[in-house]
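One structure is given below, encoded as structure tokens.
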Amino acid sequence: MSAGRYALLVATGHYDDRELRRLRSPARDAEGLAEVLRDPDIGGFTVTPVVDRPHHEVARAIEHFFLDRGRDDLLLLHISSHGVKNDDGELYFAASDTDRRLLASTAVSAEFLRTRMLRCRARSVVLLLDCCYSGAFLPGAKGDTTVHLKDELAGHGIAVLTATNRTEYAWEGERLDELDPEPSRFTGAVIKGLRSGEADRNGDGLISTQDLYEYVYDELRAAGVRQRPQLWAQVERRLVIARSVRAPRQHPLPGIPAQQESPAPSVPPPVPEQPRPAEGLARLLVLARLLGELPSLADVQTRMRLAAVLGEQLGRTVDLRGVRLQEDAAMLARGALAAEGGESVLLQVIELYEGGATADRMRRRLQRAGGEAGGADGGGGGAMRLLLDLTDALCALPSVQDPHGRQNVASLLGEVLGRPVDVRGMRLREDVVAIVRAALGVPGGEHALVDVVRVLDGEQRAAELERLLRTAL
């Protein structure tokens, strides 16, 4: 059975309970999002809207949505409503007939949703939540304070993108005319990013959950909205939500055949690519085998991050499917060998994520296999050397030796930089690379990194880092 793309849009703005303030945005959210998701040139989803319905109909729609799906289906669920929690801190999504005093019997619990998602056979599920808790209302805001979605909703093959962090409100549009309401700030940014194609941040023609998150985050920050979207993902492969309308060519999406364009008769057919020489294929085989043996690359998200860094250094996209380790290893090797000096750059990226000892062993094995493996300083340039040196220096800091400490470093640095610093808390070097890349990606960010080290590790460590930067810069 071929893969399918299905979206369920749950929007509730009208409530029988007077304690639940009416929301102007949800119906407009559902309408605008349905339009871009249905568009065969963008999302290509089969869309089902559920607007202003009682809790039993919402629950039935959600259960039916996750029932009898294929493993290769992509499911997208968007919920725009009030979020309410009971005295035990359990999260519920309000429906039109929700009674705040009777949440268990009149609202849809996060636990119910999580169970439906985890029992679904589909390996790719995206959840967009434009809600937070009610209880403390502000003009133009919806919701209340603490969100624990990572614990309640994140799971295998699931990406959860939320409108706010733990302590913020989800804001609606500024217009007060209820006959012509604006979308909420969060969903409005999602719609804009998909409709315009601007969410395709790396220009590969596809919009993934990570692409969409980064776009929405930057949009809300640029608009001065006091909310910070959050993303949690636990997936086996890259989740692609849409094509980019700005892409020069159409890309295939799961469940939708790629559009075929008829070539103009005046354009001669392309010259067939010459077969790869036998020695080139042998080199590809050796390099792919060595990459496949690296422990860190057994994790799909690490492979994706490594491919992103390699692509940046090579000046071209290195696209992985994130399905099989050996296939991705071959694509990494192919991307490196296709660029002049690319093998040396790849070895430096390996050094970045695995350390110098592993990169040196890999370099020696490549040299024994024949050909040049490139020196430690070849190919990557000064920027790569700085990234390597900063990574080595930070890996020795006490503050990053445990996952909780690295989260603290990332959180503090993100506040200073004004953008999120995403660490997974799984591997030391991978998290440190993410921290260093975030700092170097912002003008003056390296000085912000020094200040963070000064706060968490003391003046001596900060001074050592400053000396390294003066030498490198």
Electrostatic pair [X]:[Y] at N-O distance under 4.0 angstrom:
{"X": "Glu219", "Y": "Arg185", "answer": "no"}
{"X": "Arg454", "Y": "Glu466", "answer": "yes"}
{"X": "Glu354", "Y": "Arg427", "answer": "no"}

*Please lay out, stage by stage, how Arg305 and Asp422 fare under the test salt bridge (charged side-chain N to carboxylate O under 4.0 Å, His left out).*
CA-CA 11 Å; Arg305 293 187 175 200; Asp422 182 27; 3.0 Å; yes
_Crowding at CD, Gln460 (>12 non-hydrogen neighbours, <6.0 Å)_ = no
*Please say whether the positively charged group of Arg116, taken as NZ for Lys or CZ for Arg, lies over the ring of Phe112, i.e. under 6.0 angstrom from the six-membered ring centre and within 45 degrees of the axis.*
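Verdict for Phe112: a cation-pi partner in Arg116.
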*asked:* Please tell me whether Glu198 and Tyr215 have a donor and an acceptor in their side chains that are separated by less than 3.5 angstrom.
replied: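 Note: Glu198 and Tyr215 side chains meet the donor-acceptor criterion.
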Would the distance check show the side chain of [X] and the main-chain N or O of [Y] forming a donor-acceptor pair, the cut-off being under 3.5 Å?
{"X": "Asp200", "Y": "Asp204", "result": "yes"}
{"X": "Arg419", "Y": "Glu415", "result": "no"}
{"X": "Arg406", "Y": "Val400", "result": "yes"}
{"X": "Ser411", "Y": "Gln407", "result": "no"}
{"X": "Asp431", "Y": "Val423", "result": "no"}
{"X": "Asp211", "Y": "Ser208", "result": "yes"}
{"X": "Asp73", "Y": "Gly70", "result": "yes"}
{"X": "Gln326", "Y": "Ala288", "result": "yes"}

_For the CG atom of Leu74 and the OG atom of Ser124, what is their distance to the nearest 0.5 Å?_
5.5 Å
Minimum side-chain heavy-atom gap [X]-[Y] below 4.5 Å:
{"X": "Val409", "Y": "Ser399", "result": "yes"}
{"X": "Gln348", "Y": "Leu388", "result": "yes"}
{"X": "Arg5", "Y": "Leu75", "result": "no"}

*Run the numbers on Arg424 and Thr302 for side chain to side chain donor-acceptor pair (under 3.5 Å), then give the verdict.*
CA-CA 10 Å; Arg424 296 201 297 148; Thr302 304; 3.0 Å; yes
*Let me know which of Asp130, Thr187, Asp29 forms a side chain to side chain donor-acceptor pair (under 3.5 Å) with His78.*
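Single pass found, and it is Thr187.
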_As a test of understanding, state which of Asp392, Thr391, Thr358 forms a side chain to side chain donor-acceptor pair (under 3.5 Å) with Arg429._
Asp392
